[in-house]
Every structure is written in structure tokens, then in C-alpha cells.
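In what follows, a single structure is set out as C-alpha cells and then discussed.
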Amino acid sequence: MSETTKKGGISVQTEHIFPVIKKWLYSEKDIFLREIVSNAADAVTKLRRLSSLGQYEDNGETYRIDVILDKEAGTLTVSDNGIGMTEEEVDRYICQIALSGALDFIQKYEGDNQSNGIIGHFGLGFYSAFMVSGSVELQTKSYTGAPAVHWVCSDTGDYEISPGKHEGHGTTVIMHVSDEEKEYLDASKLKEILEKYCSFMPVDIYFSDMSEKPDDQKTAEEKPVNDTMPLWLKNPSDCTPEEYKDFYRKVFHDFREPLFWIHINADYPLNFRGILFFPKLTNEYESIEGQVKLYYNQVFVADNIKEVIPEYLLMLKGVLDCPELPLNVSRSYLQNNTYVSKVSAHIVKKVADKLNSLCNTEREEYEKVWSDIRTFVEYACMRDRKFYERVQDSLLLELTDGTFLTTKDYLEAAKEKHENKIYYTSDKAAQAQYISMFSAEGIQISVFEKPLDTQFLSYLESYDPNVKYLRIDADVAGALKGEDAASENTELKELFIKISGNEKLNVSFAALKDAGVPLLLTVSEESRRMEEMMKMYSMSGMGSMGAFPTEETLTVNTASPLIAKLAALEGEKREKTAAYLYRLALLSQRKLTGEELKQFLADGYAILDLI
């Protein structure tokens with residue numbers, strides 16, 4: 001082995017690197033058009049910047065980017081009237097892969113300024129053109145007046161530079177689309193790509209199809225395909241509700257109006273902007289997958305990146321423009337970036353602040369949208385305790401009479417009747433009898449009827465163990481009973497245990513205020529929740545987890561005339577009547593099994609026969 005030290009640089013042969021560029025540069029080929037158009041936008045932005053610095057006199061010229069399809073020639077052209085390039089700059093920035101002209105420009109004219117609006121920080125973007133092209137031409141002329149330059153390169157990396165023909169300053173990129181990629185000569189596909197990636201670029205973009213008839217071209221009104229001043233760049237105070245709604249419809253193609261929105265304008269040190277919309281759901285079973293679009297200096301990057309938007313906020317729709325993220329953002333970059341985590345935390349705070357603001361200052365409107373956002377809020381609270389702590393005073397309880405109360409207000413109103421207990425119904429129709437009994441006593445009932453609610457209540461109790469949520473058929477006797485009966489009737493107790501077939505049935509005696517109800521059968525809240533959880537796991541394919549013992553209590557209402565009559569009966573008549581009353585109580589708790597229904601009918605006929 002040689003004892004001398006050798007130094008050198010890694011060399012890459014173009015015939016080897018170009019196949020890699022064509023296949024692996026970007027995960028989606030469509031992005032090539034975004035890269036070429038954003039380069040054009042950079043060229044214009046640079047010239048505008050030089051003009052503002054007094055180093056170029058633009059004489060009020062109108063800047064634009066043209067995307068031109070010529071299907072017959074097999075070309076796709078992107079042209080701008082931006083800064084242009086000299087032959088030296090073409091050699092420096094185009095002929096040498098990954099040397100970024102944007103980076104050089106920033107260092108020369110901007111110093112450490114990161115809010116310059118220049119998009120491309122990476123020199124590979126131009127070469128994305130070869131992902132769909134057999135060869136690429138460049139016609140460019142510098143704003144300095146230097147001679148125009150013509151550069152042409154094949155997909156093997158062989159290029160030629162010669163004097164060019166370009167009227168005025170700017171750059172024209174002509175992509176000769178390869179036979180394998182002819183789909184990119186379809187006008188509708190190109191419009192779709194432009195709409196997705198370039199809708200809000202900062203320079204007017206015009207698309208034209210050379211295959212259109214000349215007469216059509218003359219009569220058609222020329223309009224840019226993009227909006228150079230998207231709503232998120234404006235101050236919230238300058239935006240009207242109709243503008244927000246129009247923007248929402250345009251970007252998300254949703255005919256329904258959003259419920260409300262949050263306009264974020266975060267300055268130093270975060271420096272990002274955006275608008276988040278709360279969409280209206282048609283029904284509770286509709287997918288809550290939203291669409292949050294991530295932009296970088298007005299250039300579309302990706303949808304629903306969970307590292308920027310917390311997973312539980314992804315049902316929202318909106319846009320975020322984060323100029324401190326690189327355009328070719330990667331998953332690993334996002335996962336380990338402090339800026340990203342701070343942006344995410346700021347978004348969570350803004351959402352919580354909006355909910356609190358609506359609850360405190362626009363309560364009537366907040367109550368109108370609560371049913372639409374309730375599932376989202378519950379899920380967010382379950383996933384993030386800090387989010388719950390921020391919004392806990394803005395969580396509404398919908399009551400059976402259609403009104404709303406916060407948890408705090410409910411507990412305050414009920415503290416003399418049932419301190420730290422919140423009664424709820426999971427099915428207003430099936431539990432109508434209980435609702436009537438509670439309402440008669442002035443006890444308000446909240447409504448938790450959605451599939452997520454049971455899990456949500458468990459989380460609420462873990463967050464605040466002092467508050468207990470009880471379904472109304474779980475604690476009827478405890479909530480409604482008057483004075484306890486003087487003593488229990490041992491014979492009736494044994495009779496009901498025998499009839500139920502459940503030796504562990506708890507039988508209690510109380511004088512309920514509602515004398516019209518002879519028996520009440522209740523299942524403890526804990527027991528019922530555990531049983532529901534077991535069913536859920538079994539249904540989700542986790543197999544049988546075994547039967548969970550159900551804790552049932554039968555309350556005998558000694559204030560009921562029917563119980564007094566039952567106690568006076570004897571023999572078969574007493575047993576048949578007791579069985580019939582028991583199954584009536586059972587029916588109010590759940591649906592009868594086939595055997596129970598059969599016995600219930602038989603007991604009823606037997607009682608009629610004894611009359």
C-alpha cells in the first residue's frame with residue numbers, strides 16, 4: 001500500500017447519473033412540471049428583486065410564465081420573461097448538476113434573509129425535465145443584455161451550447177417528450193397538474209394548446225391558470241366571509257359551505273401562514289378524512305403530512321404555506337425538524353383558541369355547529385390531553401330538550417340534586433321512559449348517542465375522576481327514589497331471584513317518586529361499559545374474551561299499587577304476575593331473547609286466563 005496521501009473528488013459520469021435522474025429523482029413524474037414552472041417563477045422573482053434594489057429598470061413591464069403544448073411537434077414548453085442567463089451562467093448552473101443558482105443569488109443579494117420568496121434551493125429541479133423528455137432545449141437571454149444562449153441536451157447527458165435566438169430577457173425550456181411519456185402531451189392532464197401544483201405561484205401562468213384552432217385562440221379570453229395573491233397571504237381583517245367561502249369551494253371542490261375557519265398568520269420565529277376550514281359533514285358515518293395542503297412559498301408540496309398537522313386534526317381542510325421547509329421535503333426531515341414540531345403545536349393552539357372564542361363570544365353560532373364538530377372535538381380530546389385541557393370549558397353537553405350546557409354549567413345547576421354526576425342517554429327512543437321520569441324531577445339529561453361517545457366518557461372520567469357519567473338506566477333508583485322502604489319483603493325478593501334465573505341478582509326495595517313504575521331493572525355503569533367493550537373487541541376480530549359478569553339490580557317500588565297487589569296474591573297467580581312484571585322491566589333495559597319473549601307472552605296469556 002502506498003505511504004503517500006492522495007486526495008480527490010468523486011466523479012460521476014453523466015451516462016450513469018441520467019438514468020437515475022429519470023427514474024428516481026422524484027416519486028411522482030408529474031412533479032417535473034412543478035419544478036420547471038417554479039424555476040421560471042424564481043427567474044421572475046429574482047428580476048423583481050433586482051428592480052426593487054435599483055439594479056434593474058423594468059419600466060412597468062408585465063411578468064408572466066407561458067406553458068405551451070404542441071402535440072404535433074411532441075413538445076412542452078415553459079417560457080418566462082425573468083432574469084435570464086448568460087453563457088457563463090448556463091455553464092455554471094445548468095451544465096453542473098446540483099449547483100443552485102437560487103442559492104448563489106440569495107447569498108449575493110439577500111444575505112441571511114430567508115423570506116425572499118425564491119422557491120428553488122436545489123439545483124436538481126431543472127433535470128426533472130428528463131423524467132419525461134428524450135431531449136431538452138434551453139433558449140435564454142440575460143437581463144444584462146449579454147448575447148442569447150442556446151443549450152440542448154439529450155437524455156444521455158450529452159449537451160451543446162451555441163448562440164441563441166431569444167427575444168427579450170428570460171428563459172424558454174423546450175421539452176421533447178419521449179415516446180414512453182406521451183400522456184404528458186394531453187392538455188387535460190397538463191391542466192390538472194398545473195391546478196394541483198401551481199395554482200398559487202407568485203407569477204401569472206398562462207396555458208395554451210397549439211392544437212387549438214386559430215379562431216378559437218382569437219376569441220378565447222386569456223386568463224392565468226393561477227392566483228398570484230392567495231387568500232392566506234392577506235390579513236384576516238381584509239378578508240370577507242364570502243371570500244373565505246369562495247376560496248374553500250375553489251380549492252376543495254366542496255359545494256357545501258364550511259362551518260367556520262381559522263386564518264393563521266404566524267410571524268417570527270415560526271413564519272408560516274394558512275387557513276384551516278371546519279367542513280360540514282353530511283352525516284356521522286361520512287369519512288372524516290380531510291385535506292390539508294402543504295405549500296412552500298405558494299408551491300404545492302403534499303397533502304396531509306401528519307408531521308405538520310397532528311393526526312387528529314386531519315379531518316380539517318385547509319392550506320399551510322411554510323417557507324422554511326424545503327421544496328423537496330422528506331418524511332425523515334419532517335420527523336426530526338424542530339420548526340415542524342413548533343408549527344404543529346401552534347396549529348393545535350390556534351384551533352383550541354378558535355373553539356374557545358366561539359363558545360365565549362358567539363355562543364349561538366357555536367351551538368348551531370356543535371353537532372357537526374362534536375366528533376372531531378371528542379376525538380382530539382382523546383388523542384391529546386393538552387388539547388382537552390385547552391378546550392374543556394368549551395365542551396358542550398347537548399340536552400334532551402335541544403338546549404346546550406357546558407360541563408361546568410351542568411354541574412353547577414345540578415349540584416344540589418346529584419353532585420358531580422352527569423346523567424346521559426344513549427338512545428332517546430329506547431330510554432324515553434327514563435327520560436320522562438328524570439325530567440319530572442327536574443334532572444337534565446345529556447345525549448351521548450354516537451359510537452365514539454362511550455370511549456370519550458371514559459377519557460373524561462380519567463381526566464377528572466371527581467365527575468361521574470351515568471346512563472339514566474344505570475342509576476334510576478339512586479336518582480329518583482324517595483324515602484327508603486321500612487323493610488324489604490323477603491318473599492318477594494326470593495320470588496324475583498327465582499323468576500330471573502339469576503342467583504346473583506341484587507333486589508332492593510325503595511319508595512320511588514313515580515308510583516306508576518312497579519319495577520326497575522338497572523345494570524351498573526361499569527358493568528355495562530365492560531360488556532360493551534367485550535362485544536366491540538369480539539366484533540373487531542380479537543376473538544372471544546369470555547363472558548363478563550353483569551351486575552344487575554332490580555329495584556322494587558314499594559310506592560306502586562301493583563307491588564302492593566302482588567304482595568297480596570298467592571300461588572300461581574302471584575308467580576305469573578311477578579314473572580310478567582319482571583320481564584316488562586327487562587324489556588325496558590334491552591331486547592328480549594327469543595326464549596324470553598316466548599315466556600313473556602305465555603305469562604301474559606296465563607294472567608289473562610286467571611282473571
(message) Surrounding NZ of K349 (heavy atoms of other residues, nucleotides or ligands, distance under 6.0 Å), is the total greater than 12?
(response) no
(request) Give, for atom CD1 of I309 and atom CG of L276, the distance between the pair rounded to the nearest 0.5 Å. (result) 5.5 Å
(request) Would you mind telling me which of E195, E183, E181 makes a salt bridge (charged side-chain N to carboxylate O under 4.0 Å, His left out) with K189? (result) E183
(message) Measuring from atom CG of L316 to atom CD1 of I262, what distance do you get when rounded to the nearest 0.5 angstrom?
(response) 7.0 Å
(message) For F300 and K293: C-alpha separation, side-chain torsions, deciding distance, then whether side-chain contact (heavy atoms from CB on, under 4.5 Å) applies.
(response) CA-CA 7 Å; F300 176 77; K293 296 176 177 288; 3.9 Å; yes
(message) I'd like to know if the side chain of N81 and the backbone of T62 have a donor-acceptor N/O pair within less than 3.5 Å.
(response) yes
(message) Between D186 and S188 (side chain of the first, backbone of the second, donor and acceptor by atom type, cut-off under 3.5 Å), is there such a pair?
(response) yes
(message) Contact between V301 and Y295 at the side-chain level, heavy atoms closer than 4.5 Å - yes or no?
(response) no
(request) Answer yes or no: is there a donor N or O on one side and an acceptor on the other, between the side chain of T240 and the main chain of E243, under 3.5 Å? (result) yes
(message) Please report the interatomic distance CE(M85) to OG1(T144), rounded to the nearest 0.5 Å.
(response) 12.0 Å
(message) For W232 and F200, I'd like to know if the aromatic rings sit close, meaning centre-to-centre distance below 6.0 Å.
(response) yes
(request) Identify the two heavy atoms, one from C95 and one from I161, that lie closest to each other, and give their separation to 0.1 Å. (result) SG-CD1, 3.9 Å
(request) Output yes when a side-chain donor or acceptor of S128 lies under 3.5 Å from a complementary backbone atom of L33, and no otherwise. (result) no
(message) Looking at D321 and Q298, would you say the former's side chain and the latter's main chain have a donor-acceptor pair under 3.5 Å?
(response) yes
(message) Regarding H169 and E61, do their side chains bring together a donor and an acceptor under 3.5 Å, going by distance alone?
(response) yes
(request) Starting from the C-alpha separation in whole Å, work towards a yes-or-no answer on salt bridge (charged side-chain N to carboxylate O under 4.0 Å, His left out) for K280 and D372. (result) CA-CA 6 Å; K280 182 174 179 59; D372 289 289; 3.4 Å; yes
(request) Would you check if T140 and V90 make a side-chain contact, meaning some heavy-atom pair closer than 4.5 Å? (result) yes
(message) Within a 6.0 Å radius of atom CD on E378, are there more than 12 heavy atoms belonging to other residues, nucleotides or ligands?
(response) yes
(message) Strictly distance-based, threshold 3.5 Å: is any side-chain N or O of D80 a donor or acceptor partner for the main-chain N or O of G82?
(response) yes
(message) Whether the side chain of E324 engages the backbone of Y339 through a donor-acceptor N/O pair (distance < 3.5 Å, no angle test) should be reported.
(response) no
(message) With a 4.5 Å cut-off on side-chain heavy atoms, are D246 and E242 touching?
(response) yes
(request) Check whether any side-chain heavy atom of V225 sits under 4.5 Å from a side-chain heavy atom of C198, and report yes or no. (result) no
(message) With side-chain contact (heavy atoms from CB on, under 4.5 Å) as the criterion, how do L294 and D303 come out once you've worked through the C-alpha distance, each side chain's angles and the decisive distance to 0.1 Å?
(response) CA-CA 6 Å; L294 181 64; D303 279 319; over 6 Å; no
(message) For E389 and R385: C-alpha separation, side-chain torsions, deciding distance, then whether salt bridge (charged side-chain N to carboxylate O under 4.0 Å, His left out) applies.
(response) CA-CA 6 Å; E389 290 171 352; R385 180 162 185 166; 3.5 Å; yes
(request) Answer yes if the ring centres of Y93 and W151 are under 6.0 angstrom apart, and no otherwise. (result) no
(request) Would you check if there is a donor-acceptor pair between the side chains of Y248 and D254 at a distance under 3.5 Å? (result) yes
(request) Would you please classify the geometry between the F387 ring and the F376 ring as parallel, tilted or perpendicular, with 30° and 60° separating the classes? (result) perpendicular
(message) Quiz question: by atom type and distance under 3.5 Å, do the side chains of T77 and S79 form a donor-acceptor pair?
(response) no
(request) Give a yes or no on whether the backbone of T86 and the side-chain of E89 come within a donor-acceptor separation of less than 3.5 Å. (result) yes
(request) Check whether any side-chain heavy atom of L313 lies under 4.5 Å from a side-chain heavy atom of I347, and answer yes or no. (result) yes
(request) Taking the side chain as every heavy atom from C-beta outward, state whether C381 and F456 have any atom pair closer than 4.5 Å. (result) yes
(message) Looking only at side-chain N and O atoms, does D158 offer a donor or acceptor that is under 3.5 Å from a partner on T156?
(response) yes
(request) Output yes when a side-chain donor or acceptor of H263 lies under 3.5 Å from a complementary backbone atom of K234, and no otherwise. (result) yes
(message) Run S52 and R49 through side-chain hydrogen bond (donor to acceptor under 3.5 Å, both in side chains) and show every step you take.
(response) CA-CA 5 Å; S52 69; R49 184 59 180 151; 3.2 Å; yes
(request) Check L76, D209, L185 against L190 for a side chain to side chain contact (heavy atoms under 4.5 Å, CB included) and give me the one that passes. (result) L76
(message) Does either side chain, that of Y184 or that of D30, offer a donor lying less than 3.5 Å from an acceptor on the other one?
(response) yes
(request) Determine the sole option in H166, Q139, K141 for which the side chain to side chain donor-acceptor pair (under 3.5 Å) test with T172 is passed. (result) H166
(message) Let me confirm one number: the CD-NZ distance from E257 to K245, rounded to the nearest 0.5 Å.
(response) 4.0 Å
(message) One pair to check against side-chain contact (heavy atoms from CB on, under 4.5 Å): S135 and F130. What are the steps and the verdict?
(response) CA-CA 7 Å; S135 64; F130 287 95; 5.7 Å; no
(request) Measure the shortest side-chain to side-chain distance between E72 and M210 over non-hydrogen atoms and say whether it is less than 4.5 angstrom. (result) no
(message) Pair T75, M175 - check side-chain contact (heavy atoms from CB on, under 4.5 Å), show working.
(response) CA-CA 5 Å; T75 61; M175 292 165 277; over 6 Å; no
(request) Might you point out which heavy atoms bring N226 and V203 nearest each other, and give the distance in Å? (result) ND2-O, 2.7 Å
(request) State the CD1-OG distance between I83 and S51, to the nearest 0.5 angstrom. (result) 11.5 Å
(message) Both conditions, 6.0 Å and 45 degrees, for the charged tip of R249 above the ring of F255: are they met here?
(response) no
(message) Check whether D70 reaches the backbone of A73 with its side chain - one donor and one acceptor, N or O, closer than 3.5 Å.
(response) yes
(request) Given salt bridge (charged side-chain N to carboxylate O under 4.0 Å, His left out), test E88 with R92 step by step and report yes or no. (result) CA-CA 6 Å; E88 179 187 357; R92 179 176 175 81; over 6 Å; no
(message) Is any side-chain heavy atom of I68 closer than 4.5 Å to one of Y206?
(response) no
(request) Verify the neighbour count for atom CD of E167: are there more than 12 heavy atoms of other residues, nucleotides or ligands below 6.0 Å? (result) no
(message) For P323 versus N297, what's the shortest heavy-atom pair and its separation?
(response) CB-OD1, 3.2 Å
(request) Indicate whether any N or O donor in one side chain lies under 3.5 Å from an N or O acceptor in the other, for S394 and N356. (result) yes
(request) Could you please spell out the steps behind the ring pair (Phe, Tyr, Trp, His ring centres under 6.0 Å) verdict for Y379 and Y312? (result) CA-CA 7 Å; Y379 183 61; Y312 58 82; 7.2 Å; no
(request) With rounding to the nearest 0.5 Å, note down the distance linking CZ in F207 to CG in L69. (result) 5.0 Å
(request) Would you check if there is a donor-acceptor pair between the side chains of T45 and R48 at a distance under 3.5 Å? (result) no
(request) Would you indicate whether K386, at its atom NZ, is surrounded by more than 12 heavy atoms from other residues, nucleotides or ligands within a distance under 6.0 Å? (result) no
